[in-house]
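Okay, structure first, notes after.
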Amino acid sequence: AQSVTQLGSHVSVSEGALVLLRCNYSSSVPPYLFWYVQYPNQGLQLLLKYTTGATLVKGINGFEAEFKKSETSFHLTKPSAHMSDAAEYFCAVTVGSAGNMLTFGGGTRLMVKP
Amino acid sequence: EPEVTQTPSHQVTQMGQEVILRCVPISNHLYFYWYRQILGQKVEFLVSFYNNEISEKSEIFDDQFSVERPDGSNFTLKIRSTKLEDSAMYFCASRGTGGTGELFFGEGSRLTVL
């Protein structure tokens, strides 16, 4: 079975600062990895995903994540935070091509200070 | 852009009452899911549905829960006799064939059981 750990339930950065949200996964087979964002009172929106190929993946709103198999990590970064980035971010993993069961991490709430 | 829609956005019910949460998945999608998020906790998988039957379900999805696709467009989650601990945000998601397992989520239905 797969699992996901997100270090830090709350992260606070200043506007313009680097954003780093950590995600580590556990999977016995090659995983598919996802980052979803949830803005207040909204659903889950896909930011980016890793399936195969290039380990550095770029997503919407300037976010990117790098799949590091040796570290079983898929950390999310953005060079310069914007106030509009304040939201809850969820890392998720699934295995195989079916993607039947996404397993989510506990989420990280990103706060951006002016 | 096609989206998953859920109704109601918020429902308050008394313990022991039946609740039906409704979802309209993206029209050409064939895989459907329900997830839930208890306040302050992680997003949890409940059930997946394909070809008019449940393909996978979690331990949470006990006999009190059922899903149905009654008319080819709606996908419903029924809770037969609600308990206090059923209070949560319920997310519907859908997925097309092929691809890499990306799920498209609705905005959620918040259920409050009193």
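Being a predicted model, the structure only gives us computed values, none of them experimental. Chain A is the first sequence line, chain B the second, and so forth, proteins listed ahead of strands; every chain is numbered from 1.
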Are [Y] and [X] co-members of a hydrophobic cluster defined by side-chain heavy atoms under 4.5 Å apart?
| X | Y | result |
| --- | --- | --- |
| A/Val11 | A/Leu76 | yes |
| B/Ile60 | B/Leu21 | yes |
| A/Leu46 | B/Tyr33 | yes |
| A/Val13 | A/Phe63 | yes |
| A/Leu102 | A/Phe74 | no |

Check: Among residues 103-114 of chain A, which residues come closer than 4.5 Å to chain B, judged by heavy atom distances?
Finding: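 Expected list: A/Phe104, A/Gly105, A/Gly106.
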Rounded to the nearest 0.5 Å, what's the gap from [atom1] on [X] to [atom2] on [Y]? Could you check?
| X | Y | atom1 | atom2 | result |
| --- | --- | --- | --- | --- |
| B/Lys42 | A/Ser9 | NZ | OG | 12.5 Å |
| B/Tyr35 | A/Leu44 | OH | CG | 10.0 Å |
| B/Glu102 | A/Tyr36 | CD | OH | 5.5 Å |
| A/Thr94 | B/Phe45 | OG1 | CZ | 9.5 Å |

Surrounding [atom1] of [X] (heavy atoms of other residues, nucleotides or ligands, distance under 6.0 Å), is the total greater than 12?
| X | atom1 | value |
| --- | --- | --- |
| B/Asn28 | CG | yes |
| B/Glu85 | CD | yes |
| B/Arg22 | CZ | no |
| B/Leu84 | CG | yes |

Next item on the list: Heavy atoms only: give me the nearest B/Phe91-A/Gln38 pair and the separation to one decimal.
Entry: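 The answer is CZ-NE2, 3.2 Å.
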Note to self: For B/Gln37, which atoms come within 4.5 Å of any heavy atom of chain A: side chain, backbone, both, or neither?
What the structure shows: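 Contact with chain A is through the side chain of B/Gln37 alone.
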